[in-house]
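Just so it is clear, the model here is predicted, and its values are computed rather than measured.
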Amino acid sequence: MQSPEAVRVCGPSSIPRRQREKLNLGSLVKMPNIKIFSGSSHQDLSQKITERLGLELGKVVTKKFSNQETCVEIGESVRGEDVYIVQSGCGEINDSLMELLIMINACKIASASRVTAVIPCFPYARQDKKDKSRAPISAKLVANMLSIAGADHIITMDLHASQIQGFFDIPVDNLYAEPAVLKWIRENISEWRNCTVVSPDAGGAKRVTSIADHLNVDFALIHKERKKANEVDRMVLVGDVKDRVAILVDDMADTCGTICHAADKLLSAGATRVYAILTHGIFSGPAIARINGGGFEAVVVTNTIPQEDKMKHCPKIQVIDISMILAEAIRRTHNGESVSYLFSHVPL
């Protein structure tokens, strides 16, 4: 018999009543007092989450006035409800962030009992420290704005710096894409037992060593020096990739200068094939052209950011669906269950 954690979240007809009672899973198929709304940044992901939970997206209308002010109308009652608002930090990031803040506030002042912001890709996460004089800590500012707007809880994925959780005075669940990444590697890379997991910078060493330990393979590190943001000056490979498959792992890629330089470095060091696996594929500016011209076998990203348009222009991009992880986090949060199971398992 499957454990409760292994049972897929689905519609009422999928699990026989006797089995539900035996597994104490009544809460899986009956979720009263919950409303899920979607912002405009990633409606496809929101739809997948609600389908997984057997719910429907709440009615919300978002529009702009002629002066570009954002207007949000919540189309149904949220009084006493447990509200979840799904909005990723992508596309027009400032518009997405403002829309999220307005939606949170609209639900809060409409007497919602709890408002949870589900932010798969946290905006401004790279501005998490004061690295030069008079630099802002914008991630802290975003945290303050979310709290002031009325958010009671945050669910996000693979924060660029995990200490951003400490910027909040409300609970933050930082979910990991790692279990889904491990599953993809085992299912899609036939030579994964003879691979080296590589971090393109020192900041990702912890992430890479964790994946390498789970796969029981070696890891390597690329030390990079930057002259300025989005420009890499020099790279040094620490580790051995000769005659092995190299898997580059990072939390996000923006202009893709770093991972493309890293891929060239790995191929020149004797790697047979190079894969890149990223949680957040931002792919701005020259990113798509760089990937097409790079030596990648595949560039794998999750769907925390919509990738349909980019996949049309770049056949190397593949997507891992993480909607089931977010859906299960919402279900467990709503039912008052622990979400720590999701840190090391992918829900079926």
Side-chain angles (χ1 to χ4, degrees), residues 41-42 45 87-97 119-129 131-132 135-139 141-142 156-164 174 176-177 181 198-208 221-235 247-266 274-296 298-320 322:
S41 68
H42 199 347
L45 179 62
Q87 179 83 309
S88 200
C90 56
E92 296 290 337
I93 290 182
N94 296 329
D95 284 350
S96 297
L97 177 58
I119 314 172
C121 182
F122 193 85
Y124 291 91
R126 284 177 286 182
Q127 299 182 42
D128 63 306
K129 57 184 178 292
D131 53 1
K132 54 183 178 286
I137 306 177
S138 304
L141 175 61
V142 172
T156 186
M157 178 166 276
D158 274 3
L159 283 171
H160 186 65
S162 57
Q163 63 265 26
I164 291 174
N174 180 30
Y176 301 122
V181 166
V198 186
S199 173
D201 56 30
K206 187 176 179 182
R207 183 182 302 108
V208 162
L221 180 71
I222 292 177
H223 173 66
K224 67 181 179 184
E225 295 175 359
R226 285 186 189 273
K227 281 184 175 176
K228 57 184 180 180
N230 291 333
E231 273 190 31
V232 178
D233 181 30
R234 193 169 69 95
M235 285 190 157
I247 304 175
L248 275 165
V249 177
D250 206 356
D251 67 319
M252 65 171 60
D254 189 353
T255 57
C256 291
T258 299
I259 62 165
C260 288
H261 275 100
D264 293 340
K265 189 78 180 175
L266 293 168
V274 177
Y275 292 85
I277 301 182
L278 317 156
T279 305
H280 310 298
I282 300 169
F283 301 147
S284 65
I288 298 300
R290 284 174 172 171
I291 293 171
N292 282 329
F296 298 104
V299 175
V300 184
V301 294
T302 70
N303 59 342
T304 57
I305 294 172
Q307 302 293 343
E308 288 77 13
D309 290 342
K310 289 157 189 155
M311 290 172 74
K312 291 175 186 174
H313 299 99
C314 183
K316 292 182 182 179
I317 295 176
Q318 298 182 31
V319 174
I320 299 172
I322 46 82

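V198 is not listed as a side-chain neighbour of V208, based on a closest heavy-atom distance of 4.5 Å or more. Side-chain contact check for T279 versus I322: every heavy-atom pair is 4.5 Å or farther apart. Under the 4.5 Å side-chain criterion, counting only non-hydrogen atoms from C-beta, V319 is not in contact with T302. Using a 4.5 Å heavy-atom threshold, the side chains of Q318 and V299 count as separate. Within the 4.5 Å cutoff, side-chain heavy atoms of I305 are placed close to those of Q307. When side chains are defined from C-beta on, R126 counts as touching D254, because their heavy atoms get closer than 4.5 Å. Looking only at side-chain heavy atoms (C-beta outward), L45 and P120 come within less than 4.5 Å of each other.
The heavy-atom pair separating V301 from G281 by the smallest distance is CG1-CA, 3.9 Å. The shortest heavy-atom contact between H280 and D158 is NE2-O, 3.3 Å. The minimum heavy-atom distance linking N292 with C314 is given by the pair OD1-SG, 3.2 Å.
A side-chain donor-acceptor contact under 3.5 Å links D201 to the backbone of G204. A distance-only check finds a donor-acceptor pair linking the side chain of K310 to the backbone of I282 [under 3.5 Å]. Between the K316 side chain and the M311 main chain, no donor and acceptor come within less than 3.5 Å of each other.
The salt bridge (Lys or Arg N to Asp or Glu O under 4.0 Å) test applied to D95 returns K64, not counting sequence neighbours. Under the side chain to side chain donor-acceptor pair (under 3.5 Å) criterion, S41 pairs with Q87, not counting sequence neighbours. In this structure, the ring pair (Phe, Tyr, Trp, His ring centres under 6.0 Å) partners of Y176, at least two apart in sequence or on a different chain, are F343.
Interatomic distance, D250 CG to T258 OG1, rounded to the nearest 0.5 Å: 7.5 Å. To the nearest 0.5 Å, the span separating SG on C121 from CG on N303 amounts to 12.0 Å. One finds the OG1 atom of T255 at 11.5 Å from the CD1 atom of I288 (value rounded to the nearest 0.5 Å).
Residue Y124 forms a side-chain contact (heavy atoms from CB on, under 4.5 Å) with just one option from I137, V142, L141, I164, and that option is V142.
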